[in-house]
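Notes for the one structure printed next.
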Protein chains: 2
Amino acid sequence: MDSYRAFQQEFDLSMEALCRRILDRHQTTIRVRKAETAVANLGRIIDTTLTLANRKGFHSTSLRDLSEQSGLSMGALYSYFDSKDTLLLMILGQVVDAIQQVLTTPDVTTGGVENRLRALIARHVYLTERMGPWFVFAFMEAKAFSKQGRDMAIESELWTEGQLRDVIADGIAAGAFRPQDPTMAAALIKPMLQDWYVKRGKYRRRGVDPDGFVAALVQAVGAMLGSSPQPA
Amino acid sequence: MDSYRAFQQEFDLSMEALCRRILDRHQTTIRVRKAETAVANLGRIIDTTLTLANRKGFHSTSLRDLSEQSGLSMGALYSYFDSKDTLLLMILGQVVDAIQQVLTTPDVTTGGVENRLRALIARHVYLTERMGPWFVFAFMEAKAFSKQGRDMAIESELWTEGQLRDVIADGIAAGAFRPQDPTMAAALIKPMLQDWYVKRGKYRRRGVDPDGFVAALVQAVGAMLGSSPQPA
DNA sequence: AGATATATAGCGAGCGCTCGCTCGTTTTTT
DNA sequence: AAAAAACGAGCGAGCGCTCGCTATATATCT
């Protein structure tokens, strides 16, 4: 898994696949019984929500706008969620779910520290590239979440940072990285990863693609941690 | 200027001083004539706005909440701004103003590249520490700004990144830093600087103070740019 | 100095409007 | 024809904002 193309073939993160998981997780609230119909309409709802919310904020997006743009009536929308807040939690929940799915696989947890670190960085960039609007949504609306949502976001954030910290700590113990505080190092790397989706437009304007960003980031992080040069 | 204490003595960024500048910039909209009264009440209004907006978002903060918490009536509020959007632009404008004030002084623009880079990093951290809630507000509400506000935010963002890029480019030319793309390097450093105020709580919980963060960041950035060790 | 007049600051009920959400009805599917 | 899904007018609550009014500070006149 060493390019964005390979990543896309390994993980199915299509709107359909994502909505199928959301349907699984919210079977009790979603009142539409036919899975095929439910997945299709969930896709339209969430696609529209992400577009409108990322343009002017979730709170400023009215359900009438959402109804009009998605082509479903007000009543139909309420067959898929029981409150606007639930819609928000559906999207956030799927973001957390996808993170777990992508960052918990052998490539990331085994092998040399250099490769584990590279895999962690690459997968994070590729995942946030593939699900860009979802991550922007989660990041921007985080403050407005209900307590349940905020706790979920913080936990997920700390989990990802913990993965980084563990790899760095292992690397220091193995003598691959210069001795330093692994928690602080992880804390500094995390925002660089987030920048890829928070400021996506800036990188697009400069012609930087996902693989280019991964290369630059791996290089920078390597230098920062004082890693010995990669074996040719 | 080599500590947060020294920074606070060099720059007056008290609520009173900031509001006095806001009053200057919005003389035409603010209908209260006595400067003393206006500055005092602007302080109450903005302090309350930052508190409420950073808790639940600016859009979700009603002017009735603001009125109740600040102790001014609805009518009195409208003597200080002519629309809720103007209130938002007042705060954003002062953030941009303060950035210019702090990052455009001899320390930052003269001397060796190592020192210029250190000064730039330190001042950014100290400024965002001193005006924490203002910066969090600007960052979180940026997407909801009117076009005027968004353009201001983007311009200010790019200006700061440009300052970083220039120092790095000078350093590469002088042989102090390893040859690399200064634009990409600056793009990766910026989010680390922003993390200080966006995730302020995380660092507080871990007992990291402004000077500690500056030290860690200068160290990390130095390694990342491949700077030669500092002269003792 | 005291009385009067004028300007300034603050007040808060109420306006028009949009919001999230409901529910009786209609359309589509089985 | 029964069940499932979609419809959309309408409800009450809460929004940004206004405006006729009161209270207080300042200026002017005897």
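So that the names make sense, note that chain A is the first sequence line, chain B the second, and so on, each numbered from 1. Computed from a predicted model, the values in this text were never measured in an experiment.
Using bins of under 30°, 30° to 60° and over 60° for the plane-to-plane angle, the ring pair B/Tyr126/B/Phe7 lands in the tilted bin. Between B/Trp196 and B/Tyr203, the ring planes lie tilted relative to each other; the angle falls in the 30° to 60° range.
If you take CG of A/Leu77 and C1' of C/dT22, they are 13 Å apart, rounded to a whole angstrom. Atom CG of A/Asp65 is separated from atom C1' of C/dG20 by 13 Å (rounded to the nearest Å). A straight line from CG of A/Leu66 to C1' of C/dC21 spans 14 Å, rounded to a whole angstrom. In this structure, A/Glu36 atom CD and D/dA4 atom C1' are separated by 15 Å, rounded to whole Å. Computed from coordinates, the A/Asp82 CG to C/dG20 C1' distance equals 12 Å when rounded to whole Å. Rounded to an integer number of Å, the gap from CG of A/Leu72 to P of D/dA5 is 13 Å. Per the geometry, CG belonging to B/Asp85 stands 18 Å off P belonging to D/dC15, to the nearest Å. We find that CD1 of B/Ile45 is positioned 13 Å from P of C/dA9, with the value rounded to whole Å.
A donor and an acceptor atom, one from each side chain of B/Asp82 and B/Thr86, are located under 3.5 Å apart. No hydrogens or angles considered: nothing links the side chains of B/Glu129 and B/Gln8 as a donor-acceptor pair under 3.5 Å.
Distances shorter than 4.0 Å separate some side-chain N or O of A/Ser73 from OP1 or OP2 on D/dC7. Remark: B/Ser62 is in phosphate contact with D/dC15, judged by side-chain N or O atoms under 4.0 Å from OP1 or OP2.
Picking from D/dA5, D/dC7, C/dG10 the nucleotide with the shortest atom distance to the side chain of B/Val32 gives C/dG10. Closest to the side chain of A/Tyr78, from the set C/dT22, D/dC7, D/dC15, is C/dT22. Among the nucleotides C/dC11, C/dC19, D/dA5, the one closest to the side chain of A/Lys34 is D/dA5. For A/Asn41, counting side-chain heavy atoms from C-beta on, the closest listed nucleotide (C/dA13, D/dA9, D/dA6) is D/dA6. Among the nucleotides D/dA6, D/dC17, C/dC21, the one closest to the side chain of A/Met74 is C/dC21.
Backbone-only contact: A/Tyr80 has heavy atoms under 4.0 Å from sugar-phosphate atoms and none from a base. A/Thr37 comes within 4.0 angstrom of sugar-phosphate atoms only, judged by non-hydrogen atoms across all strands, and of no base. Nucleic acid contact for A/Thr61: sugar-phosphate only, since backbone atoms but no base atoms lie under 4.0 Å from a heavy atom of the residue.
Listed by chain and number, the residues in a side chain to side chain contact (heavy atoms under 4.5 Å, CB included) with A/Arg64 are A/Ser62, A/Met74 (sequence neighbours excluded).
A 4.5 Å side-chain heavy-atom check between A/Tyr4 and A/Val214 finds every atom pair outside the cut-off.
For A/Arg31 and B/Lys84, each mapped to the nucleotide of DNA chain D holding its nearest heavy atom, the one lying further toward the 5' end belongs to A/Arg31. For A/Leu63 and B/Arg44, each mapped to the nucleotide of DNA chain C holding its nearest heavy atom, the one lying further toward the 5' end belongs to B/Arg44.
Below the 3.5 angstrom threshold, one finds no donor paired with an acceptor across the side chain of B/Arg64 and the base of D/dG14.
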